[in-house]
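In what follows, a structure is listed as structure tokens, so that the remarks can point back to it.
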Amino acid sequence: MIIKRNKAELAEILEKERQKGKKIGFVPTMGALHEGHLSLIQASLQNSDITVCSIFVNPTQFNDPKDLERYPKMPEKDAQMLEKAGCHILFLPEVAEIYPEKDTRVFKFGILDEILDGARRPGHFNGVAQVVSILFDIVKPDKAFFGSKDYQQVMVIKELVKQLKLDIEVVACPTLREPDGLAMSSRNMLLDPEERKAASLIPLIMQDAKRLKYEGKSIQEIKDFVNEKLSHNKLYRLDYYEICNASDLSPLNSLNNSVRSISLIAVFVGKIRLIDNLALD
Ligand code: PAF
């Protein structure tokens, strides 16, 4: 595996491959890799000739400096995992390489940036759009692979690609889960054993909530159920639980079978904020 820290050198290598007719697959990450990331690498390997992974903890998407500080960083271990997985190129830039100057661009994503994580983490998706547009410009992938755990992020990135008229296919890959159902996330490793145990109830509560839909319960009743379940343990602090239209994320007030619906949750377990989602159809 080739490791590049310099964007011009990376772009040069990729341009040569492109000229040979090779298709580039790209997996942007913030490191602290787990099986979920490796499944994105696999998807890219199966669907492209050259797979590039980037590891960059993007400061502009953290609205809480403490969250940025505690975000796990382990580039050597990540590089070993990528090498073993068969990734061809790792891009590992420093902050100055990505942001030689302050990025002042403001993206407009309408409702996508105003609800759920957009509302709770102001500026977060703008920061994601800044870094992803820069990385796309360097790598110029044919396809880019993202995990569906970050459902709203995938929608924002699809919209970004549309707005910038980029010829990139954004591929949403399934969420990988731990044996107890917890969605894989780099943040899981920040949980202490008690928090980790508590976190495993999140997917179960979401599944139980989904069942209520089929019992004919209203959205308010389903939300009350989730709130009530989480109130049993002081470690939890619910940030949001919403049921939205799966195709545009507009919040739903009632459930009917003509609209695909999805439930999305953000919950603090101790200090660590976890997100997950579950299609309700
Ligand atoms: O999902 C992530 O890890 C990040 O938000 C991304 C897409 C790599 C941008 O920094």
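In each ligand, atom 1 is the first atom listed, and ligand 1 is the first ligand listed.
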Which of the ligand 1 atoms, numbered from 1, are nearer than 4.0 Å to a heavy atom of [X]:
X      : answer
Thr29  : 8 (C)
Gln153 : 1 (O), 2 (C), 4 (C), 5 (O), 7 (C)
Val131 : 9 (C), 10 (O)

Are side-chain N/O atoms of [X] and [Y] paired as donor and acceptor at under 3.5 Å?
X      : Y      : result
Ser218 : Glu221 : yes
Gln19  : Glu15  : yes
Asp117 : Tyr151 : no

Quick check: Phe62 with Tyr71 (ring centres under 6.0 Å apart)?
yes
Nearest heavy atom to atom 9 (C) of ligand 1 wins, so pick from His37, Gln61, Met30.
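The residue whose heavy atom sits nearest atom 9 (C) of ligand 1 is Gln61.
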